[in-house]
Amino acid sequence: MRIDVITLFPDFIESCARIGVVGRARERGLLQVATWNPRDFATDNYRRADERCYGGGPGMVMMIDPLRRALESARAAGAAEAQAEAKVIYLSPQGARLDQAKVAELARRDRMILLCGRYEGVDERFLEHAVDEEISVGDYVLSGGELAAAIVIDAVGRLQEGALNDAQSAEQDSFSNGLLDCPHYTRPEHHEWGDVPAVLTSGDHAAIARWRLKQALGRTWLRRPDLLERADLDKKARALLAEFQREHEQGKALDRGNESGE
Ligand code: 4G1
């Protein structure tokens with residue numbers, strides 16, 4: 001996959017795309033990331049890519065023409081390698097929220113062009129004419145779209161065939177089944193702050209898999225019930241969740257007993 005990023009801060013994107021799983025995917029030739037700075041496509045002496053807002057008020061807006069030329073260059077650079085025309089995605093708080101299903105969809109494309117806003121954002125006419133879709137990473141204020149683009153690159157890059165080793169494989173990701181992760185433990189087995197659950201050192205792989213799924217279900221139920229509503233659980237999963245819920249209720253009853261007893 002090839003990802004072109006239009007950004008006023010190319011160094012940020014490039015340093016994100018150099019590290020970890022994504023960096024390795026690039027070294028293996030599974031992923032290409034290139035950046036395009038609209039300032040390099042400005043025509044005035046100050047290399048202006050932003051201007052004051054019509055209608056007044058504080059803040060600047062990214063101008064159409066430097067963006068348009070940056071986009072044309074990005075398109076042309078990728079055109080040789082790719083089959084299909086790249087979709088242009090604007091990272092924006094007005095977009096649909098990114099989730100793992102969307103990440104999986106994006107990961108199947110062979111290229112995409114990401115646009116990062118700064119200041120008050122991008123001239124609306126550019127969005128109407130040149131942008132195919134808008135994606136948001138969440139409901140909060142950011143000072144630019146670069147962090148959002150880095151999230152897309154990370155989430156999509158690690159799904160490229162061959163990017164993950166067996167231990168990290170995407171099927172191992174709890175989220176690939178729509179659930180939160182189970183708890184994880186490492187050495188030492190016994191510690192002042194607690195012991196590792198005995199099942200994990202039992203060597204009984206079936207029991208371990210069962211425990212992990214039960215924990216993932218239980219934690220999702222406790223912390224993200226909204227996710228559980230969308231996950232379609234099979235009979236075995238529903239039984240494990242019921243078991244977790246029963247034990248959770250018993251645990252609460254015990255706590256109440258302890259409180260009144262002490
Ligand atoms: C109004 C958040 C404005 C922000 C309402 C998630 C946020 C890009 C994202 C803003 C941005 C809310 C994102 C806001 C983002 C122009 C430049 C837009 C930065 C900008 C909730 C500033 N996912 N924000 N405006 O943050 O780009 O992708």
Side-chain angles (χ1 to χ4, degrees), residues 1-22 31 33-42 46-71 74-75 86-109 111-160 175 224 226-227 230:
M1 163 181 264
R2 177 181 172 116
I3 305 178
D4 290 277
V5 187
I6 299 173
T7 169
L8 290 167
F9 294 94
D11 293 350
F12 176 79
I13 298 295
E14 271 151 26
S15 72
C16 285
R18 257 199 307 272
I19 61 167
V21 169
V22 168
L31 178 72
V33 178
T35 56
W36 306 87
N37 189 342
R39 280 175 72 84
D40 296 336
F41 297 88
Y46 307 99
R47 302 206 304 147
R48 284 216 82 91
D50 60 289
E51 262 295 357
R52 287 186 306 276
C53 238
Y54 276 119
M60 307 297 278
V61 176
M62 293 173 77
M63 298 162 74
I64 298 175
D65 282 322
L67 285 174
R68 185 184 184 177
R69 286 187 286 267
L71 176 58
R75 273 201 196 288
K87 283 263 167 50
V88 179
I89 300 171
Y90 179 40
L91 283 316
S92 132
Q94 280 83 46
R97 268 287 276 283
L98 184 69
D99 60 14
Q100 190 62 21
K102 183 68 184 181
V103 167
E105 190 237 282
L106 294 175
R108 287 192 294 269
R109 302 183 184 182
R111 63 172 309 210
M112 60 187 171
I113 299 175
L114 303 181
L115 169 61
C116 305
R118 278 276 151 180
Y119 321 114
E120 304 312 306
V122 169
D123 189 304
E124 191 66 20
R125 293 166 294 180
F126 186 84
L127 303 184
E128 288 163 3
H129 281 82
V131 169
D132 297 300
E133 53 185 305
E134 296 184 43
I135 294 176
S136 170
V137 298
D139 298 333
Y140 29 73
V141 178
L142 294 175
S143 49
E146 282 77 12
L147 276 163
I151 287 171
V152 171
I153 294 167
D154 187 286
V156 163
R158 62 190 294 288
L159 290 188
Q160 298 306 301
F175 223 89
R224 292 293 306 278
D226 58 311
L227 291 179
R230 279 186 287 161

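We use all heavy atoms of the structure for the numbers below, so side chains are in, but hydrogens, waters and symmetry mates are not. Just follow the structure's listing: the first ligand is 1, and inside any ligand the first atom is 1. In this chain, residues are counted from 1 in sequence order.
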With a 4.5 Å heavy-atom cut-off, do Arg108 and Leu159 have their side chains touching?
no

Should the proximity of Ser92 to ligand 1, defined as any heavy atom under 4.0 Å, be assigned to the side chain, the backbone, both, or neither?
backbone

Contact check, Val122 vs ligand 1, heavy-atom distance below 4.0 Å
no

Any idea which atoms of ligand 1 are less than 4.0 Å away from a heavy-atom of Gly138?
2 (C), 6 (C)

To check your reading of the model: name the closest protein heavy atom to atom 21 (C) of ligand 1, its residue, and the distance in Å.
Tyr140 O, 3.6 Å

Kindly indicate whether the side chain of Phe126, heavy atoms from C-beta on, has any atom under 4.5 Å from the side chain of Leu115.
yes

Just jot down the ligand 1 atoms closer than 4.0 angstrom to any heavy atom of Gly117, in number order.
17 (C)

Output, in order, the C-alpha distance, side-chain angles, deciding distance and verdict of salt bridge (charged side-chain N to carboxylate O under 4.0 Å, His left out) for Arg75 and Asp4.
CA-CA 8 Å; Arg75 273 201 196 288; Asp4 290 277; over 6 Å; no

Polar proximity ligand 1 side, Leu142 side, N/O cut 3.5 Å exclusive
yes

If we number the atoms of ligand 1 from 1 as shown, the ones under 4.0 Å from a heavy atom of Ile135 are 28 (O)

Is there a donor in the side chain of Thr35 and an acceptor in the side chain of Glu14, or the other way round, less than 3.5 Å apart?
yes

For atom 18 (C) of ligand 1, what's the nearest protein heavy atom and its distance?
Pro93 CD, 3.9 Å

More than 12 heavy atoms from other groups under 6.0 Å of CZ on Arg52
no

Within 4.0 Å of some non-hydrogen atom of Gly121, the atoms of ligand 1 are 16 (C)

State plainly whether the residues Lys87 and Glu105 are in salt-bridge range, i.e. N to O under 4.0 Å.
no

If we number the atoms of ligand 1 from 1 as shown, the ones under 4.0 Å from a heavy atom of Tyr119 are 16 (C), 17 (C)

Pull out every atom of ligand 1 sitting under 4.0 Å from any heavy atom of Gly145, numbered as shown with elements.
27 (O)

Short N/O distance, under 3.5 Å, between Val137 and ligand 1?
yes

Where do Glu133 and Arg109 land on the salt bridge (charged side-chain N to carboxylate O under 4.0 Å, His left out) test, with the steps shown first?
CA-CA 14 Å; Glu133 53 185 305; Arg109 302 183 184 182; 3.0 Å; yes

Contact check, side chains of Met1 and Val156, non-hydrogen atoms, under 4.5 Å:
yes

Going by the order shown, which atoms of ligand 1 are within less than 4.0 Å of some heavy atom of Ala148?
8 (C), 23 (N), 28 (O)

